[in-house]
Amino acid sequence: MLTYKESWKARIAAALNTLLPESAQGSIDPSQVIAEVPPQPELGDLGFPLFPFAKLLRKSPSNIAQAVVSVLDVQGTTEPGDRYSAEGPYVNVRLHRGRFAQALFALLLDETHPYGRPETLKGSRIMVEFSSPNTNKPLHLGHLRNDILGESISRILMACGAEVRKVCIINDRGVHICKSMLAYKEAGKGQTPASEGIKSDHFVGDWYVRFHQMSREDPQAEVRAQALLRQWEAGDQETVALWTRMNAWAVEGIKETYQRTGISFDQFYFESQTYLKGKAEVLNGLEQGLFYKEADGAVWVDLSAEQLDKKVLLRKDGTSLYITQDIGTAIFRYQDWPFDRLVYVVGSEQQYHFKVLFSILEKLRFEWAKNCFHLSYGMVHLPEGKMKSREGTVVDADDLLDRLKSLALKEIRDKEREEALGDPEATAEKIALGALHYYLLQVSPVKDMLFKPQESLAFNGNTGPYLQYMGARISSLLHKQEQRKHAGEETGTLRPELLVEDAEWELLKTLGEYPEVVAEAAERMDPSLLATYLYELAKAFSRFYHDCPILNAAPDLAATRIGLSQGVVRVLQDALYLTGIPFLAMM
Ligand code: ARG
């Protein structure tokens, strides 16, 4: 890591310590010093506000700033070339550009250590649950946000040295699953996804929609679905066989979508294999007096002492609920892979559910319960409005991907890039994914958002394709330089100290911030910080590209600017990977 910020904090702290009155207890630690980036570049590269020390030093902040500067003058511990001054209540620092560039290049171009890998989470084991679909329907737009959040957060945590295990719970039992089964059983006539030529999870989802049509005309359909669930729980062979068959279709189709979007898991859990564990644990708790039984036989927990409500854990007929399986699933997970943290990436409508779940696990005295965390994210709407899966009008993930892809393909055709690209379909698919993932990650997880397909694909502006385009542009630049080398032209030597233009300086500083951005995104589990960073980086590169001639500069300067571009492409590629946006060498 670049250490200029840390060494400056230490210097400021040391200077402040010489100003402490005799009566003051203890000393000022570098971690108490705040380093800011001044609002205008003319003010300097770093600014240290001195308000926090006014009380302790019994001086006004601007007096402190002046005193610090005098101490620094006397001590002479600053690096040659760094300049500092008191500006009102701040000490501002201007870093020596050439030296900064040299230190940064050493890190950026070091082949043995990837750049942007802070070790802030080294040694910690973090399990991340995300996606977690039900087997009665295909993935929808909300899952796409969930999937990329979970995948991106996992990659970011890994980048900070954590050991990460990505898991998924497939909710494959319950009355909603029995609904698609019932419709198929009664009207399916032995059709299969293959016989109908439909993607297998869509096939199952269509029967779920069909059930709701059926039940509008025939109120008994609900009752028969309930009966089917009881048969399933009793292990009725025919019902279990139907369930196995339809679940396999659902899961197979869902996994195809994961494959397409670059999402993967280390382990799948299935509710059908964990709910009995949950049930046993509830009965256990009942025996210990942690839960209680109502007159009708249902088992409840009273969480009013925890500012929560009462909650049913087992129905009066002994069947399990959604929460029952979650108790079992969590226990299995800890047994399988003892974690320091378990993060559930699940929609904000389940906030209450997770509060209840974690309280129950604490009540059951699992000491790891306090390390469970619900990463709640907001809804995704489309300009057309919110839709319901029961009516079959939900925004289906595969359909949306297809739509984005065909829009991207149209763009490629309009620009007459088909021939140059060789495989325009493959490029269009990657552009579609880049557009989608960037758009979804750009907003911080807690917020609801509106997804605008056309806007996400704009090649100019704050979009995934714009970032991809930047990568392609730099790749072509590097390629040209390679060609020059091969042609035996003089290509100069790398001399970082030559980078002194403002546009170069902004770009260098932006690159220098990358490891900190990764660390902060991990700490806050918020990939939107990386999305914002990517856009800043692309803008800084764009400005550099516009202001500074590269291949036409004098040989050493050209070589150095090429080196800088190489550094940019490395960081770009890395940050794109962390956010699930495919890199394109050509567009
Ligand atoms: N399948 C559930 C749903 O679609 C989400 C599961 C979330 N994870 C969990 N451990 N409860 O609502």
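Atoms within each ligand, like the ligands themselves, are counted from 1 in listed order. Because the structure is a prediction, the values reported are computed rather than measured.
With respect to atom 12 (O) of ligand 1, the closest heavy atom belonging to the protein is Gln350 NE2, 3.0 Å. Here the heavy atom of the protein found nearest to atom 4 (O) of ligand 1 is Asn134 ND2, 3.3 Å. Regarding atom 8 (N) of ligand 1, its nearest protein heavy-atom neighbour is Glu129 OE2, 3.0 Å.
With sequence neighbours excluded, the residues satisfying side-chain hydrogen bond (donor to acceptor under 3.5 Å, both in side chains) with Glu233 are Arg173.
A ring-ring contact (aromatic ring centres under 6.0 Å, His included) with Phe358 is found for exactly one of Tyr352, Tyr344, Trp368, Phe373, namely Tyr344.
The shortest N or O to N or O distance between Tyr322 and ligand 1 is under 3.5 Å. Between His143 and ligand 1, a contact under 3.5 Å exists for no N or O pair.
The list of salt bridge (Lys or Arg N to Asp or Glu O under 4.0 Å) pairs with a residue in residues 361-378, not counting sequence neighbours, reads Glu306-Lys363.
Looking at Asn146, Val167, Asn171 and measuring to atom 1 (N) of ligand 1, the nearest heavy atom belongs to Asn171.
Set against the non-hydrogen atoms of Phe354, the atoms of ligand 1 under 4.0 Å away are 9 (C), 11 (N).
Two rings, from Phe265 and Phe268, have their centers less than 6.0 Å apart.
No side-chain donor from either of Asp526 and Ser444 sits under 3.5 Å from a side-chain acceptor of the other. No side-chain donor from either of Ser180 and Lys137 sits under 3.5 Å from a side-chain acceptor of the other.
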